[in-house]
2 protein chains.
Amino acid sequence: MPTSRSYRDSCGIARALDVLGERWALLVVRELLLVPQRFSELRRALPHVSSNLLADRLRELEHHGVIRRAPAPAGGAQAYELTERGRRLEPILGALGDWGIEAPQPPPPAALSATSVLLFLRGAARPDPAAPPVTCRLELDGRAWTVDLADGRVQVAPGEPATAAASLRAEPTTLSALLADPDSLADACADGSVAVVGDLSAIRRLLAAVADPWSSGDQ
Amino acid sequence: MPTSRSYRDSCGIARALDVLGERWALLVVRELLLVPQRFSELRRALPHVSSNLLADRLRELEHHGVIRRAPAPAGGAQAYELTERGRRLEPILGALGDWGIEAPQPPPPAALSATSVLLFLRGAARPDPAAPPVTCRLELDGRAWTVDLADGRVQVAPGEPATAAASLRAEPTTLSALLADPDSLADACADGSVAVVGDLSAIRRLLAAVADPWSSGDQ
DNA sequence: CAGGATCCTTAGCGATACTG
DNA sequence: CAGTATCGCTAAGGATCCTG
């Protein structure tokens with residue numbers, strides 16, 4: 001039985017929260033920012049949400065026109081994707097994530113979904129505009145992603161790249177640690193927590209694009 | 001007893017929601033965007049929040065460094081104000097409000113706080129850059145505000161203006177209706193729901209700055 | 001009266017088990 | 001795989017009562 005409580009406030013903020021303010025709602029939207037996802041994929045990305053609650057949130061978000069059921073890209077089953085209205089939440093969630101990252105206290109040990117890491121990667125990476133383009137393949141939670149570095153910009157797309165200089169497979173949390181400390185790449189490869197195929201220097205460039213503050217200044 | 005549950009997710013969005021995701025938290029921040037407020041003022045602005053819950057939220061937001069207790073501007077009692085970190089939520093709340101306003105369904109009858117109306121006014125007004133500056137005084141819920149129109153921009157500040165072309169007193173909801181339909185000003189004055197003192201045309205200019213789409217295009 | 005604290009009820013949440 | 005059913009728990013909602 002879906003939630004139906006309202007702030008009874010005409011303000012736009014309150015009306016937005018009537019739709020997005022229930023628990024887990026915005027994290028469901030976050031998971032759909034990069035690619036449509038199926039019910040079970042959402043459960044893996046958000047392991048602490050119970051199935052009935054996830055079903056409730058999906059119903060509510062669909063009812064409010066934030067997401068819709070998509071006719072399944074492949075495999076027969078359906079998936080959930082953002083509507084145009086839902087996609088307009090992307091800059092808001094990006095800003096909210098930036099705000100949350102600069103928290104005073106260090107983050108306690110916690111999980112991280114593939115989407116979270118990729119969103120952070122895309123938002124934080126500042127690749128050298130002068131460097132030649134490079135394409136990497138990332139494999140997170142069993143799904144392949146294409147990451148393009150070109151002209152000082154980063155593009156993250158779901159699916160296999162047509163061609164890539166290198167491929168990296170790791171747990172999302174491990175990749176996140178790697179982004180924070182690129183020098184640990186060699187150790188991570190050695191102990192098997194990260195598997196790299198192809199040109200290791202391409203991976204180094206990807207990690208350095210996030211870590212290096214050479215182009216900092218928030219712009 | 002303050003709420004302490006976490007999404008246990010290292011993503012910045014989830015960590016932001018650990019602080020701001022509990023019910024009423026973001027609406028409390030909204031109320032503090034324009035001016036520090038006292039406990040009782042927050043209760044009037046958010047009539048549907050119970051006093052214990054409001055006290056809980058204030059404690060939590062203070063603990064997370066979003067608000068702080070201010071030594072009371074006047075009157076002896078204390079007030080709550082945003083910290084620097086809390087003030088950085090302003091653009092996010094603005095964007096969220098814009099998103100919430102363009103909802104598909106018409107808004108059901110609901111209340112509106114003075115802050116809500118003023119935030120909307122400030123965000124939506126597009127005064128003619130060529131017109132001469134004008135200062136209006138607004139009195140909402142017993143508190144005076146100074147609204148300046150100049151150079152195509154609107155400034156909203158708490159407190160009495162040094163000098164003003166006109167003063168308008170009304171319920172926040174009435175002012176909101178007036179912003180949506182400036183032509184009803186005469187009727188509203190006639191039936192007493194709006195009290196205007198001074199130059200009526202200054203008020204008309206204020207209302208027209210919000211209603212007129214002459215400078216639309218969202219920029 | 002401002003600024004809460006206390007109590008009680010209800011509804012949303014979390015976890016587990018179950019079904020088409 | 002994609003949900004539904006059930007149930008104990010906890011936060012939200014509402015009223016009342018305290019304290020300076």
Side-chain angles (χ1 to χ4, degrees), chain A residues 1-9 14 17-28 31-32 36-62 67-81 111 141-143, chain B residues 1-9 14 17-28 31-32 36-62 67-81 111 141-143:
Chain A
M1 139 198 355
T3 309
S4 73
R5 62 179 167 186
S6 167
Y7 284 106
R8 286 176 284 175
D9 187 319
L17 291 175
D18 280 345
V19 174
L20 306 169
E22 303 299 326
R23 202 159 168 74
W24 297 105
L26 278 176
L27 295 188
V28 169
E31 283 306 310
L32 299 179
Q37 305 250 33
R38 310 178 25 177
F39 192 87
S40 56
E41 296 173 314
L42 291 172
R43 289 217 66 189
R44 251 189 312 151
L46 304 170
H48 298 298
V49 65
S50 55
S51 56
N52 57 355
L53 196 49
L54 179 57
D56 279 355
R57 288 298 165 269
L58 290 170
R59 246 191 305 273
E60 295 163 28
L61 289 172
E62 182 183 13
I67 68 175
R68 82 166 71 87
R69 287 160 195 267
Q78 69 184 347
Y80 296 89
E81 66 180 11
D141 285 344
R143 184 194 281 262
Chain B
M1 145 197 351
T3 308
S4 73
R5 59 179 169 185
S6 166
Y7 285 107
R8 286 176 286 175
D9 187 319
L17 292 174
D18 279 344
V19 174
L20 307 168
E22 301 299 325
R23 204 161 165 77
W24 297 106
L26 278 176
L27 295 188
V28 169
E31 283 304 311
L32 299 179
Q37 305 250 35
R38 303 165 41 158
F39 190 88
S40 57
E41 295 173 315
L42 292 172
R43 290 216 65 188
R44 250 190 312 151
L46 304 170
H48 298 298
V49 65
S50 54
S51 61
N52 56 358
L53 198 48
L54 179 58
D56 279 355
R57 288 297 165 269
L58 290 170
R59 247 191 303 272
E60 295 164 28
L61 290 172
E62 183 183 12
I67 67 175
R68 82 165 71 87
R69 288 160 194 267
Q78 67 183 345
Y80 296 88
E81 67 181 9
D141 284 344
R143 183 194 280 261

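Order of the sequence lines sets the chain letters (A, B, ...), proteins ahead of strands, with each chain counted from 1.
- The nearest whole Å value for the distance from the CZ atom in A:F39 to the P atom in C:dG20 is 17 Å.
- Between the CG atom of A:L46 and the C1' atom of D:dG3 there is a distance of 16 Å, given to the nearest Å.
- Considering only the side chain of B:R59, C:dA5 comes nearest among C:dC13, C:dA5, D:dG13.
- Atom pair B:I67:CD1 and C:dG3:C1' shows a separation of 14 Å (rounding to whole Å applied).
- Note on ring orientation: taking the six-membered ring where Trp is involved, the planes of B:Y80 and B:F39 are tilted (angle from 30° to 60°).
- Here B:W24 reaches the OP1 or OP2 of D:dG13: one of its side-chain N or O atoms lies under 4.0 Å away.
- Two residues are said to be in side-chain contact when any heavy atoms from C-beta on lie closer than 4.5 Å; B:H48 and A:R5 fail this criterion.
- Side-chain contact between B:L42 and B:L58: present, with at least one pair of heavy atoms (C-beta onward) separated by less than 4.5 Å.
- For the pair A:Q78 CD and D:dA2 C1', the computed distance is 8 Å after rounding to whole Å.
- The two residues B:A79 and B:R38 make their nearest non-hydrogen contact at CB-CG, 3.9 Å.
- Among the heavy atoms of the strands, none lies under 4.0 Å from A:R44.
- For C:dA2, the OP1/OP2 oxygens have no side-chain nitrogen or oxygen of B:Y80 closer than 4.0 Å.
- As rounded to whole Å, 12 Å separates atom P of C:dT16 from atom NE2 of A:H48.
- Out of C:dG12, C:dA2, C:dG14, the shortest distance to the side chain of B:S40 is found at C:dA2.
- At whole-Å resolution of the value, CG in B:D18 and C1' in C:dC13 are 15 Å apart.
- Between A:R8 and A:N52, the residue whose closest nucleotide on DNA chain D is further toward the 5' end is A:N52.
- In terms of phosphate contacts, A:S50 brings no side-chain nitrogen or oxygen within less than 4.0 Å of OP1 or OP2 of D:dT4.
- Residue B:R57 is in sugar-phosphate contact alone, with no base atom involved, counting any heavy-atom pair closer than 4.0 Å across all strands shown.
- One interatomic measurement links the two molecules: CG of A:D56 to C1' of C:dC13, which rounds to 10 Å at whole-angstrom precision.
- A close approach under 4.0 Å does occur between a side-chain nitrogen or oxygen of B:R69 and OP1 or OP2 of C:dG4.
- A:E22 places no side-chain N or O within 3.5 Å of a backbone atom of A:R57 that could act as its donor or acceptor partner.
- Dashed line: the shortest gap from a side-chain N or O of A:R23 to OP1 or OP2 of C:dG14 is under 4.0 Å.
- Ranked by how close their nearest DNA chain D nucleotide is to the 5' end, B:E60 and B:R43 are led by B:E60.
- Projected onto DNA chain C by closest heavy-atom contact, A:S51 and A:E22 fall at different nucleotides, the more 5' of which corresponds to A:E22.
- Between B:L54 atom CG and D:dA11 atom P the separation is 17 Å, expressed in whole Å.
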